[in-house]
Amino acid sequence: MELLAPAGSPEALTAAVQAGADAVYLGCGPLNARRNAKNFSLEDLARGVAYCHLRGTKVYLTLNTLLSDRELPLAAETAAFASHAGVDAILVQDLGVARLLRDTVPDVDLHASTQMTVHDLDGIKACADLGMTRVVLSRELSRSAIENLCARSPVEIEIFVHGALCMCYSGQCFLSAVLGGRSGNRGLCAQPCRLAFRWPGDKGNSHPLSLKDMSLAGELRELEEMGVACLKIEGRMKRPEYVSVVTGIYAAALREHREPTRQELGELEAAFSRQGFTQGYYNDQKGPAMFGTRPEGTKDPAALFEKARQTYSRGEHKLTPVWFGAQVKKDQPLSVTAWDEAGHTARAQGPVPEAARSRAVTEEQIQTQLAKTGGTVYAAQAVEAEVEPGLSVPMSALNALRREVLAGLDEARTALPSRRTLPFTPPERVRGRENPPVFSLSFRRWAQVSREILDQDPALVYLPCDEIAAHEEEVAALVKDYPAVEFGTVLPRVAWDRERPRLEQELAAAQRAGVQSALLGHMGQLSLARDYGLIPRGDFGLGLTNSLTAGELACLGFASAAVSFESKLAQIRDLSKPLDTELLVYGRLPLMLTENCILKNRGRGCHCEESPQSLRDRKGEDFPVEKAWGCRNELFNAKILWLADKKADWQRTGVTYARLSFLRESAEACARVFAAYRTGQPDPPEGFTRGLYYRGVE
C-alpha cells in the first residue's frame, strides 16, 4: 500500500520523504483545504517535486476547495504550472474544477478529495465516470463498508488512517462559515466544533462535537488484505517533527510487514492526540467513547521531536535501490551502467584500460568501488562486473564514472514529463430567469404540510423520503388534488450501501404516490433517481459556487441545482445558469451532518424522536439538533435566515426557485411565513440572520 503523508510546508515535505513516505500531498497558494498551513509557492512546488521524484516519492497537489468564477483562472494557471513541474495527481472537491482540469491539463491524474463526501459505490462510480483515478473515502466508514467498496470499486481507494476527525462529514460542514465567515469548504475552518457546548438545563460545559483523533495503526495488514491502495495521514497544519514521527512509524511497519510496536504506539500518542485515539468508526462502534479534547497546557514531546528533527535535517534516510554494471575489456573504453527499479538507466564511458604492469584489476575491486554511493540518494543493491584478465584501470576513473551515471539517474528521475497544457476558456454566460423566481417549499415533517399553504401556489414541494413513505396515501391525495404543484422527495445526503434497500423502498413509495422529482444531496444518487423515474434536482450539498460546476451539473442531467448559501447574492447573480437554479431564502441553515448521533451520545439513551433538542454555545445561542436519515444528526443554525424584506435583492439573481426550508415550524407558522415572502413582509422575526449572502466567506 502507498503511504501518503502531509506536507504543509517545504520542511514538512523533507520530513515526510526522509521518514519513508511513498507520496506527499501539499497545497500551492490559496486554493486548497488548508489555507492556514504555510503551503508552497510555485517555486517551492517545482523544487519540492524535483526533491521528491529524485527520492522516488510522488507528489499530489490539493486543489480541493469550492471556487468562485473569479478564482477559476488562478486554478487553471496553478494546475498548468503543477502539470509542467511533474505533480503526479491533483485532488479536487469542486465538480467545476474537475472539468477545468480535464480540459486544461488532461494528462494529470485526478483524485476525488474526501471533501466530495464519497461514501458509497454509486458515488465512486460517478467519480470514475468523471475521469477520477482514485477516490478518498469519507472517514466515517466502517471496515465492512471499506472492504465492500474496495472489492467493487473501478478505481483506487484511499482512506485516512491517522489524524484528526471532523464531527461532520467532510464537504458538508458550514459551521465555521456561518458562525465566523471562515469556510471549511474553502480551506479556512476555524474549528468552532472544538469549543464547549452544553445541553440547556445541564450544568457545566462539555465538548459533544470534538472527536478524538483516529489511528488505524494496528489494522495495516487487514487494510492491505481489503485492497486499500493508499493510506493517508492527516496533518498539513502539524509541525514537521510530527509528520516525521508519524510517517516514520507507519512506513517502518509497512516496510517490515508488521503492526507498530507498543513503544511506537506510545510515540504516536505523544506526538499528538486528544486524550488518546479512536477506532470507533472503523469498528462501527459509535458513541461517547469517541470524543476527547486536547488538554490545555499539553506540551509537545521535546525529546521525541528533537530526535525526529535531527533525523530529517541531516543526511539521506530514504535511499533508492540502484544496480550497476561495468565492463573492462581490452581495446574498449571502460563502461559503467546504472539503473533503478523504475527502469531509468544511465551509461558512461571512460578511458581504455591499459595492460597491467604489476597488479590487474579484479571484479571485486570494481564491485567495491561502484558500491560506494555514500552522500547520494542511492544504495547499491548489486554490481555486475565483466572484467577481462590482465587489465588495469585507475580507481579515479571508476569513481568519476560512478558519479557520472548517478548524475544521469538524477536527471532521468527528475525529468519533466511531456504533457499537454491547453488554454482555459471561461464558459459563456447563460442568463437565468428574467421573471421573479417561483417558490419551492421544503418541509421536515409531514405534519407541517397543509392545504392552506398549498393553496398559495408553490411551484415545488419537497418532503424527506422517509416522511413520504410513512404517509404514502396522504401524499398521493395531495399530488392528485394539486396538479400544478411538483412534489419532490428529498434523498439523504449520506446513505451507505448497506442502507440502500431501505432507500429504494422509500423511493418506490414516492413513485407510487406520484411524486415527480428527487432532491439529491450527492451526485452518486443520480442513477438511483433515474431508476425510479424521478426528475433529478441538486441540493446544496453538491457545492454549486461557479459557472463550470453549473455546466457540469447540467451535462450530468440535473434539471436544477441549489446554489451554495456560502455565495454572495452578487456572485449568484453573475453565475452562468445553463440549468434552473434554486436559492435558499428562508430557514435555519444546516451546519453539520454527523454520523455520530449527538442526541444518543448525551448518555440518556436515544432522544432522536424527541423535539426540540438543542445545543447551547458559550454565548447562550441554541442550535437545534435534529434526527437525520439513518440515525444520523443534523445541527442547524441558532438564527433563522430571513430575506422576505429583501425580496428585490434576491429576485435580481436570476434563479428559478426561491426555497423556504421549514424545520420545526407548525403548519400554521409555515403558511404565515410563505404568505410573508409572497407579499414581501418588511418586518423580520426576532433573532434573524441574513446568512452569508451579503458578507460572504473567506
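All values derive from a computational prediction rather than experimental measurement.
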I need the minimum non-hydrogen distance between [X] and [Y], along with the two atoms involved.
{"X": "A177", "Y": "L692", "value": "O-CD2, 3.4 Å"}
{"X": "A658", "Y": "P437", "value": "N-CB, 4.0 Å"}
{"X": "E234", "Y": "A164", "value": "OE1-N, 3.0 Å"}
{"X": "L63", "Y": "A79", "value": "CD1-CB, 4.2 Å"}
{"X": "P154", "Y": "I124", "value": "CD-CG2, 3.8 Å"}
{"X": "V97", "Y": "L72", "value": "CG2-CD2, 4.5 Å"}

Do the side chain of [X] and the main chain of [Y] share a donor and acceptor less than 3.5 angstrom apart?
{"X": "Y25", "Y": "A7", "answer": "no"}
{"X": "R659", "Y": "V585", "answer": "no"}
{"X": "T549", "Y": "G96", "answer": "yes"}
{"X": "N546", "Y": "L67", "answer": "yes"}
{"X": "E219", "Y": "L216", "answer": "no"}
{"X": "Q511", "Y": "Y532", "answer": "yes"}
{"X": "T104", "Y": "L100", "answer": "yes"}
{"X": "S576", "Y": "E428", "answer": "yes"}
{"X": "E499", "Y": "W496", "answer": "yes"}
{"X": "S183", "Y": "R186", "answer": "yes"}

About how many Å separate [atom2] of [Y] and [atom1] of [X], when rounded to the nearest 0.5 Å?
{"X": "L591", "Y": "L593", "atom1": "CG", "atom2": "CG", "result": "11.5 Å"}
{"X": "S68", "Y": "Q571", "atom1": "OG", "atom2": "CD", "result": "5.5 Å"}
{"X": "T656", "Y": "R433", "atom1": "OG1", "atom2": "CZ", "result": "6.5 Å"}
{"X": "S176", "Y": "M592", "atom1": "OG", "atom2": "CE", "result": "10.5 Å"}
{"X": "K568", "Y": "T653", "atom1": "NZ", "atom2": "OG1", "result": "14.5 Å"}
{"X": "L220", "Y": "M1", "atom1": "CG", "atom2": "CE", "result": "5.5 Å"}

Tell me, please, which residues at least two apart from E222 pass side-chain hydrogen bond (donor to acceptor under 3.5 Å, both in side chains).
->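 Applying side-chain hydrogen bond (donor to acceptor under 3.5 Å, both in side chains) to E222 gives R143, Y282.
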
Is the shortest heavy-atom distance from the side chain of [X] to the side chain of [Y] under 4.5 Å?
{"X": "L519", "Y": "L460", "answer": "no"}
{"X": "Y462", "Y": "L441", "answer": "no"}
{"X": "S170", "Y": "R139", "answer": "yes"}
{"X": "L45", "Y": "L26", "answer": "yes"}
{"X": "C166", "Y": "L211", "answer": "no"}
{"X": "V475", "Y": "V515", "answer": "yes"}
{"X": "L95", "Y": "L553", "answer": "yes"}
{"X": "D88", "Y": "Y60", "answer": "yes"}

May I have the list of side-chain donor-acceptor pairs in residues 520-529 shorter than 3.5 Å, sequence neighbours left out?
residue : atom : partner : partner atom : Å
H522    : ND1  : G524    : N            : 3.1
Q525    : OE1  : G521    : N            : 3.0
Q525    : NE2  : P492    : O            : 2.5

Under a 4.0 Å threshold between the charged nitrogen and the carboxylate oxygen, would [Y] count as salt-bridged to [X]?
{"X": "R500", "Y": "E504", "value": "yes"}
{"X": "K286", "Y": "D284", "value": "yes"}
{"X": "R99", "Y": "D94", "value": "no"}
{"X": "R134", "Y": "E2", "value": "yes"}
{"X": "R182", "Y": "E698", "value": "no"}

Side-chain donor-acceptor pair present, [X], [Y], cut-off under 3.5 Å:
{"X": "Y250", "Y": "H162", "value": "yes"}
{"X": "N64", "Y": "N32", "value": "no"}
{"X": "Q279", "Y": "S215", "value": "no"}
{"X": "E582", "Y": "S560", "value": "no"}

Let me see the working for D574 and D69 under side chain to side chain contact (heavy atoms under 4.5 Å, CB included), right down to the final yes or no.
-> CA-CA 9 Å; D574 295 337; D69 278 348; 5.6 Å; no

Option among R420, R102, R419 that satisfies the salt bridge (Lys or Arg N to Asp or Glu O under 4.0 Å) test with D107 |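 Of all the options given, the one that passes is R420.
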
L3 and its side chain to side chain contact (heavy atoms under 4.5 Å, CB included) partner, picked from I233, V24, T57 |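 Result for side chain to side chain contact (heavy atoms under 4.5 Å, CB included) with L3: I233.
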
Report the residues that fulfil side-chain contact (heavy atoms from CB on, under 4.5 Å) with T117, sequence neighbours left out, ordered by chain and then residue number.
->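 T117 satisfies side-chain contact (heavy atoms from CB on, under 4.5 Å) with H119, S138, Y169, Q172, V494 once adjacent residues are dropped.
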
Just checking, R502 and W629: is the charged tip under 6.0 Å from the six-membered ring centre and within 45° of the axis?
->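 Judged by the rule, R502 and W629 form a cation-pi pair.
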
With side chain to side chain contact (heavy atoms under 4.5 Å, CB included) as the test, would you mind laying out the steps for V118 and V136 before giving the verdict?
-> CA-CA 7 Å; V118 181; V136 187; over 6 Å; no

Quick one: do R444 and E634 satisfy salt bridge (charged side-chain N to carboxylate O under 4.0 Å, His left out)? Show the steps, please.
-> CA-CA 12 Å; R444 190 77 176 186; E634 282 188 273; 2.9 Å; yes

Please report the C-alpha distance between S113 and Q93 in whole Å, then the side-chain angles of each, then the deciding distance to 0.1 Å, and finally whether the side-chain hydrogen bond (donor to acceptor under 3.5 Å, both in side chains) criterion is met.
-> CA-CA 5 Å; S113 168; Q93 171 188 10; over 6 Å; no

Walk me through it: do F424 and L548 pass the test side chain to side chain contact (heavy atoms under 4.5 Å, CB included)?
-> CA-CA 11 Å; F424 167 61; L548 282 179; 4.0 Å; yes

So T114 and L137, side chain to side chain contact (heavy atoms under 4.5 Å, CB included) or not? Walk me through it.
-> CA-CA 6 Å; T114 190; L137 295 179; over 6 Å; no

Report the relative orientation of the aromatic rings in F174 and F565; use parallel for angles under 30°, tilted for 30 to 60°, perpendicular for over 60°.
->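 Taking F565 first and then F174, their aromatic rings sit tilted (interplane angle of 30° to 60°).
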
